[in-house]
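In what follows, a structure is listed as structure tokens, so that the remarks can point back to it.
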Amino acid sequence: MLMRNYVMSSRVNKDVDMKQQTIQRISDFLIVGVVLVAVSYSAVNSWKNSERLVDLTSDMKGVKESIITLLLDENPNKTELVRKLLTTSALIDGLDKFNSMKYADAFVTWESAAKQGNEDSTFAIFAAREALLQKMIDIQEPEKRREFEVILREAPNVNFADGKYTLKHDKDT
């Protein structure tokens, strides 16, 4: 009888140990599962946040480009309102020259800044060329039209590729 109780007791102990091990394994499995879900959630969200950051940067670039285009307009109210938002002095100097009809001087100012990596000045060159082309189309006087042609011929050219405006070098033309 004593032996039988001992055997039963050892079986019960083994069963209890097996249950505890099973519970421990299930617990470990659940912890690993929760950690994996958290890691995958973080990875997905960080990728989405990175994508949102790229979108935000692109949106900001678009806003700056719109502001530069507005500054090229001859309406001084818009110019004064937006001027405070732009901090690049070369850009603003060029815009002042452009609005004073000193187009060649504006292009020289922007080109100098663009060569130093100022993307806003590079875009200003692009936008100013477009604005002058439009003015040239609207002008009826052949002499005035030729003046714009000379200014545009001497103005730097700009490439647009991969969402960036870059100066076009002489060898690229």
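Atom set for the values below is all heavy atoms of this structure, side chains included, hydrogens, waters and symmetry mates excluded. Residues take their numbers from the sequence shown, with the count starting at 1.
- Closest approach of Ala114 to Ser121, counting heavy atoms only: N-CB, 4.1 Å.
- Relative ring orientation between Tyr103 and Phe148 is described as tilted, the plane-to-plane angle lying within the 30° to 60° band.
- The minimum heavy-atom distance between Ala124 and Trp110, with the atom names listed, is CB-CE2, 3.6 Å.
- Smallest separation of non-hydrogen atoms from Thr109 and Gly94: CG2-N, 3.9 Å.
- The structure places CD1 of Ile139 at 10.0 Å from CD of Glu149, a figure rounded to the nearest 0.5 Å.
- Judged by distance alone, with hydrogens and angles left aside, the side-chain atoms of Asp162 form no donor-acceptor pair with the main-chain N or O of Lys164 at under 3.5 Å.
- Atoms CE and CG, on Met101 and Leu132 in that order, are 11.0 Å from each other to the nearest 0.5 Å.
- Atoms CZ and CD, on Arg145 and Gln140 in that order, are 7.0 Å from each other to the nearest 0.5 Å.
- Nearest heavy-atom pair, Leu167 versus Asn159, reported as atom, atom and distance to 0.1 Å: O-ND2, 4.5 Å.
- Ile151 and Ile125 fall within a single hydrophobic cluster, where Ile, Leu, Val, Met, Phe, Trp and Tyr side chains are chained together by heavy-atom contacts under 4.5 Å.
- When all heavy atoms are compared, the tightest approach of Leu133 to Leu152 is CD2-CD1, 3.6 Å.
- The CG atom of Asp105 lies 12.0 Å from the CG atom of Asp96; values are rounded to the nearest 0.5 Å.
- Taking NZ of Lys135 as the start and CD of Glu130 as the end, the distance is 13.5 Å to the nearest 0.5 Å.
- For Glu143 and Arg146, the salt-bridge test fails: no basic side-chain N is under 4.0 Å from an acidic carboxylate O.
- The heavy-atom pair separating Arg129 from Pro156 by the smallest distance is CD-O, 3.2 Å.
- Atom CG in Leu91 sits 4.5 Å away from atom CG in Leu95 (nearest 0.5 Å).
- Taking the six-membered ring for Trp, Phe160 and Phe126 have ring centres at least 6.0 Å apart.
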